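Chain letters run A, B, ... following the sequence lines, proteins first and then strands; every chain starts at 1. Here the structure is a predicted model, which means the values were calculated and not measured.
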Protein chains: 2
Amino acid sequence: MPECVCAALRMATRAVTQIYDDAMRPSGLRVTQYSLLARIARLQPVNAATLEDEMYADQTTLARALKVLEKDGLIRRVPNPDKRVKQIELTQAGRKRLVDARELWAAAQADIVGLIGDAAWKDTRTRLVRLLDAVAER
Amino acid sequence: MPECVCAALRMATRAVTQIYDDAMRPSGLRVTQYSLLARIARLQPVNAATLEDEMYADQTTLARALKVLEKDGLIRRVPNPDKRVKQIELTQAGRKRLVDARELWAAAQADIVGLIGDAAWKDTRTRLVRLLDAVAER
DNA sequence: TATGGATACATGCGTATACATGTTTTATCC
DNA sequence: GGATAAAACATGTATACGCATGTATCCATA
């Protein structure tokens, strides 16, 4: 594991992403798509800017991620008085896909948390929160 | 910060990557390229498979990352008896680029570690090591 | 020694990511 | 009310990432 904070995070991310993506393959969703869809489900109707803030992701990254979900018919744009705003919500197919994928996600999550232990994950997560907070307030 | 191990890691990775990339921009290297170049420098002459193992990255990901460094004239392929093997080493330009970038990387690293504290980073890193080890041995 | 399998890497494809920049719509201010 | 600035999103480009698959080379063995 490298000393570089970024390289270390990227390495762990590569390893972990593969576990989730592999587990979730039958659902037709990658873990990134699942996470985004789940977030939309919680916040809907929600605009792109809100998701960007929540996810600490670039506007252009979100725009294209949303385009994929839209192409697959999992989300749709809802009319909005301010025509600049992309207000979105889940479609019926999106809700179904999310339900179908949830247990696959949960299995992968339980698998990984089981490997290191729940307390260790809670601790790791707290560390990531502090790191993100520090970077965000910089 | 999400409960999902993967989403949490990706979020932190996005935030941290931007700090490094921003700091390193004058060098013409992204942090991912810098990390790879630095690793090659330590291991050279080294083949792609070794780097894959070290970085826990897919073979195809490495192949394309190397292609970029090669296109920029920072690494070159060295003759090898086994013609399947892509044995690589730094070029003169690669060594110079690495030296020039090193202090930019160090400044970003010091910046981030300074934000959370050295002890906190050591702890975080240990957590990431355990996570990676657990996933790798799964 | 011919050949089938294994090894090491390359390529096609699609998503993830972000910078620079463009477009559309709304808000502001004289 | 019109010019201008700001807000919100879209697009061009390039790298990061990995699955499925292809290609070249090497090795083992009949």
For nucleotides 18-21 of chain D, print each protein N/O atom paired with a nucleotide N/O atom at under 3.5 Å, atom names and distance only.
from, atom 1, to, atom 2, distance (Å)
dG18(D), OP1, Gln18(A), NE2, 3.0
dG18(D), OP2, Asp58(B), N, 3.1
dG18(D), OP2, Thr61(B), OG1, 3.0
dG18(D), N7, Thr60(B), OG1, 3.2
dC19(D), OP2, Asp58(B), OD1, 3.4
dC19(D), N4, Thr60(B), OG1, 3.0

Exercise. Below 4.0 angstrom, N of the basic side chain to O of the carboxylate: do Asp111(A) and Arg138(B) qualify?
Worked result: yes
Exercise. Should Lys86(A) be listed as having a side-chain N or O under 4.0 Å from OP1 or OP2 of dA10(D)?
Worked result: yes
Exercise. Hey, is the side chain of Lys67(B) poking within less than 4.0 Å of OP1 or OP2 on dT15(D), counting only N and O atoms?
Worked result: no
Exercise. Less than 4.0 Å between a side-chain N and a carboxylate O, is that true for Asp21(B) and Arg25(B)?
Worked result: no
Exercise. Counting only side-chain N and O atoms of Arg84(A), is one of them less than 4.0 Å from OP1 or OP2 of dA27(C)?
Worked result: no
Exercise. With a 4.5 Å heavy-atom cut-off, do Leu29(B) and Leu74(B) have their side chains touching?
Worked result: yes
Problem set entry | Rounded to 10 degrees, the angle between the two terminal axes of the helix from dT1(C)-dA30(D) to dC30(C)-dG1(D), each from five pairs | 10°
Exercise. Think Lys83(A) has a side-chain N or O under 4.0 angstrom from the OP1 or OP2 of dC9(D)?
Worked result: no
Problem set entry | Along DNA chain C (nearest heavy atom to each residue), the more 5'-positioned of Thr32(A) and Asp82(A) | Thr32(A)
For this session: Show your working on salt bridge (charged side-chain N to carboxylate O under 4.0 Å, His left out) between Lys122(A) and Asp118(A) and close with a plain yes or no.
Result: CA-CA 6 Å; Lys122(A) 278 190 162 51; Asp118(A) 193 62; 3.0 Å; yes
For this session: Check the surroundings of atom CZ in Arg130(B): do more than 12 heavy atoms from other residues, nucleotides or ligands lie under 6.0 Å from it?
Result: no
Problem set entry | Value in whole Å for how far the P atom of dC17(D) lies from CG of Leu36(B) | 10 Å
Exercise. Rounded to whole angstroms, how far apart are CG on Leu66(B) and C1' on dA10(C)?
Worked result: 12 Å
For this session: Please indicate whether Glu103(B) has more than 12 foreign heavy atoms, meaning atoms of other residues, nucleotides or ligands, lying under 6.0 Å from its CD.
Result: no
